[in-house]
Peer 1: 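I'd like to ask some things about the structure below.
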Amino acid sequence: MSDVAPPRIVVAFATSALADRLVAGIPAGARALQIAVRMQAEAKGAINPQVDLCLALPGGVATDPYLLAEIARLVPDKAIAIVDSTARDWREGDQWLAGEALASSPVDEAGSGAFRPRAMALLPQYVASANTQQLARHLDAAGRRIVAATIKPGDGLVSRHINRPVSMRISLLLLRFAAIRPLHATALTALFGLLMALSLFSGTQTGLLLGGILFQVASIVDGVDGEIARATQRTSARGAMLDTVTDGVTNVAFLAGLAFNLHQQGHPFALSTGMAGVICFASGLVLLGVNAARSGDTITFDAVKHYLNRNPTRISQILIWIAMRDFFALASMALILMGFGFLLLTIFATVAMGWLLVVTYMMLSIKLKRV
């Protein structure tokens with residue numbers, strides 16, 4: 001029996017600070033180890049899946065508890081040894097990988113990515129000669145790429161070209177903090193929704209204008225929780241449901257507040273028109289919620305969009321874009337600022353009636369197919 005220690009995969013960082021550095025909310029060390037494991041799994045036998053995986057740091061000690069917690073979350077089935085990168089404890093056959101290069105690899109929501117072996121090839125001497133400032137810039141650039149990749153394919157035109165560029169900057173700012181979670185961003189959206197409602201229900205012209213602006217702000221911030229969730233690999237059905245509920249409450253509060261505000265300013269048909277729109281919109285939400293509960297799916301506004309996209313036409317695509325919240329919020333702000341608040345209510349009531357008809361038809365179609 002040989003006493004020679006088996007070779008390892010060693011993910012090395014030039015400094016402990018680089019391993020701790022947040023890359024889109026996750027320490028670089030945790031991202032690098034996760035990608036190393038996935039690279040190992042995708043090697044199709046070229047790498048022994050039982051080989052030891054190590055994190056190499058100067059001194060051999062990880063002092064950041066968040067790094068250790070994220071390693072446990074992202075690499076739950078691997079015992080990760082932390083070794084001293086400066087101890088020259090190198091075994092024949094060890095595969096040394098630059099952790100900074102691994103953590104900078106493009107990854108999707110699931111954590112897999114396109115690996116560049118040449119960029120990851122590492123001699124142990126690299127640890128002593130690395131340019132730490134340049135490596136830090138590479139990690140920061142990787143964080144920006146990861147957040148940029150969180151854009152949803154189904155985003156509307158307004159979201160893609162106006163809202164996302166702003167929300168991604170907010171996400172990048174928040175992801176500098178280790179404690180940030182998608183729920184915090186959802187709470188921020190709810191806060192802007194509350195401020196919007198308070199402004200509208202003040203019944204003043206100033207409150208009307210401010211409420212329209214805050215509705216658009218809430219629409220922009222609404223993208224942050226999803227971006228953070230996808231960037232940090234924390235997507236969940238519960239989070240998606242909370243996001244949808246927050247959106248629904250904010251939308252209803254906006255319409256109810258708009259109708260009340262215009263009524264307070266003397267418009268005779270504001271309450272009746274707004275009430276008709278809110279009832280239709282809320283009824284559609286209830287139908288979607290009941291259907292989701294029965295089928296075990298997540299409550300989402302996208303159910304109608306997915307249904308219409310089964311047989312897409314140019315008209316249905318235009319209707320989807322117009323009915324999406326990003327377009328509605330921006331158009332609402334513009335109409336309110338131009339003094340067309342009641343026209344907005346009328347358009348919404350008409351669209352909400354059509355939306356309720358589509359939801360009802362969709363529910364009936366699904367029910368008939370199940371029979």
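Along the sequence shown, the residues carry numbers beginning at 1.
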Peer 1: Assess whether a salt bridge exists between R164 and E227, defined as any Lys/Arg side-chain N lying under 4.0 Å from an Asp/Glu carboxylate O.
Peer 2: yes
Peer 1: Enter the distance from L345:CG to T350:OG1 here, rounded to the nearest 0.5 Å.
Peer 2: 10.5 Å
Peer 1: With distance as the sole criterion, is a donor-acceptor pair present between the side chains of T206 and T204 under 3.5 Å?
Peer 2: no
Peer 1: Does the salt bridge (Lys or Arg N to Asp or Glu O under 4.0 Å) test come out yes or no for D326 and R160, once each step is laid out?
Peer 2: CA-CA 9 Å; D326 58 339; R160 185 176 295 270; over 6 Å; no
Peer 1: Just do the side chain to side chain contact (heavy atoms under 4.5 Å, CB included) check on M241 and S236 with the steps written out, would you?
Peer 2: CA-CA 9 Å; M241 184 189 70; S236 67; over 6 Å; no
Peer 1: Would V351 and F269 show up in the same hydrophobic cluster when neighbours are defined by side-chain heavy atoms closer than 4.5 Å?
Peer 2: yes
Peer 1: Give, for atom CG of L200 and atom CG of L210, the distance between the pair rounded to the nearest 0.5 Å.
Peer 2: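 Separation between the atoms: 8.0 Å.
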Peer 1: Can you tell me if N163 and Q216 form a side-chain donor-acceptor pair at under 3.5 Å?
Peer 2: yes
Peer 1: Taking all non-hydrogen atoms of both residues, which atom of V147 and which atom of M168 are closest, and how far apart?
Peer 2: O-CE, 3.6 Å
Peer 1: Does some side-chain heavy atom of V83 sit less than 4.5 Å from a side-chain heavy atom of L55?
Peer 2: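 With C-beta onward as the side chain, the pair stays apart.
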Peer 1: Do the charged groups of D225 and R181 touch, with an N to O distance under 4.0 Å?
Peer 2: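 Salt bridge between D225 and R181, a charged N being under 4.0 Å from a carboxylate O: no.
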Peer 1: Where the side chain of S159 meets the backbone of D155, is there a donor-acceptor pair that is under 3.5 Å apart?
Peer 2: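 No; zero donor-acceptor contacts below 3.5 Å.
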Peer 1: To the closest 0.5 Å, what do you measure between CG (L57) and OG (S16)?
Peer 2: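 L57 CG to S16 OG: 4.5 Å, rounded to 0.5 Å.
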Peer 1: Heavy-atom distance under 4.5 Å between the side chains of L18 and T132, does that happen here?
Peer 2: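 Side-chain contact under 4.5 Å: yes.
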Peer 1: When hydrophobic residues are tied together by side-chain contacts of less than 4.5 Å, even through go-betweens, does L357 share a cluster with V286?
Peer 2: no
Peer 1: Begin from the C-alpha positions of D243 and D222 and carry the test side chain to side chain contact (heavy atoms under 4.5 Å, CB included) through to its verdict.
Peer 2: CA-CA 8 Å; D243 181 51; D222 178 50; 2.7 Å; yes
Peer 1: Near R169 CZ, under 6.0 Å, is it more than 12 heavy atoms from other residues, nucleotides or ligands?
Peer 2: no
Peer 1: Considering only heavy atoms from C-beta outward, does the side chain of Q264 approach that of Q205 to under 4.5 Å?
Peer 2: no
Peer 1: Check whether V217 and L173 end up in the same hydrophobic cluster, where Ile, Leu, Val, Met, Phe, Trp and Tyr are linked by side-chain heavy atoms less than 4.5 Å apart.
Peer 2: no
Peer 1: Closest heavy-atom contact between A32 and F13?
Peer 2: CB-CZ, 3.8 Å
Peer 1: Side-chain atoms of residues 252-260: list all donor-acceptor pairs with protein atoms under 3.5 Å, sequence neighbours left out, distances to 0.1 Å.
Peer 2:
none

Peer 1: Do you know which two heavy atoms are closest between I80 and L53, and how far apart they sit?
Peer 2: CD1-CD2, 3.5 Å
Peer 1: Less than 3.5 Å apart, any donor N or O on the side chain of Q34 or Q233 sitting next to an acceptor on the other?
Peer 2: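 Yes, a side-chain donor-acceptor pair sits under 3.5 Å.
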Peer 1: Examine L271 and F342 and state if one hydrophobic cluster contains both, with Ile, Leu, Val, Met, Phe, Trp and Tyr joined whenever side-chain heavy atoms are less than 4.5 Å apart.
Peer 2: no
Peer 1: Considering the options V23, L22, T232, which one meets the side-chain contact (heavy atoms from CB on, under 4.5 Å) requirement together with L175?
Peer 2: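 Only match with L175 under side-chain contact (heavy atoms from CB on, under 4.5 Å): T232.
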Peer 1: Could you report the tightest heavy-atom contact between G207 and S202, atom names first, then the distance?
Peer 2: CA-OG, 3.6 Å
Peer 1: Check the orientation of F348 and F328. Use parallel for under 30°, tilted for 30 to 60°, and perpendicular for over 60°.
Peer 2: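 Ring orientation, 0 to 90° scale: tilted.
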Peer 1: Nearest 0.5 Å please: distance from the OG1 atom of T273 over to the CG atom of L343.
Peer 2: 11.0 Å
Peer 1: Hey, mind stepping through I9 and D52 against side chain to side chain contact (heavy atoms under 4.5 Å, CB included) and telling me if it holds?
Peer 2: CA-CA 6 Å; I9 295 178; D52 289 338; over 6 Å; no
Peer 1: V221 versus S167: any side-chain heavy-atom pair under 4.5 Å?
Peer 2: no
Peer 1: Out of curiosity, does I279 fall in the hydrophobic cluster containing L356 (side-chain heavy atoms, cut-off under 4.5 Å, transitive links)?
Peer 2: no
Peer 1: Considering only distance and modelled atom types, tabulate donor-acceptor pairs under 3.5 Å from the side chains of residues 58-66, sequence neighbours left out.
Peer 2:
| unit_1 | atom_1 | unit_2 | atom_2 | d |
| --- | --- | --- | --- | --- |
| D64 | OD1 | Y66 | N | 3.0 |
| Y66 | OH | G25 | O | 3.0 |
| Y66 | OH | A178 | O | 3.4 |

Peer 1: What distance separates R31 CZ from L102 CG, expressed to the nearest 0.5 Å?
Peer 2: 12.5 Å
Peer 1: Does any part of the side chain of M333, heavy atoms only, come nearer than 4.5 Å to the side chain of F215, both counted from C-beta?
Peer 2: no
Peer 1: SG of C54 to CD of Q95: how many Å apart, nearest 0.5 Å?
Peer 2: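 With rounding to 0.5 Å, SG (C54) is 12.0 Å from CD (Q95).
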Peer 1: Where is the tightest heavy-atom contact between C280 and M353, given as atom of each residue plus distance?
Peer 2: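 Heavy atoms of C280 and M353 come nearest at SG-CG, 3.5 Å.
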Peer 1: Would you sort out whether H184 and I228 count as a side chain to side chain contact (heavy atoms under 4.5 Å, CB included), showing the intermediate values?
Peer 2: CA-CA 10 Å; H184 298 143; I228 290 177; over 6 Å; no
Peer 1: Nearest heavy-atom pair of T250 and M196: which atoms, and what distance?
Peer 2: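 For T250 versus M196, the nearest heavy atoms are O-CE, 3.5 Å.
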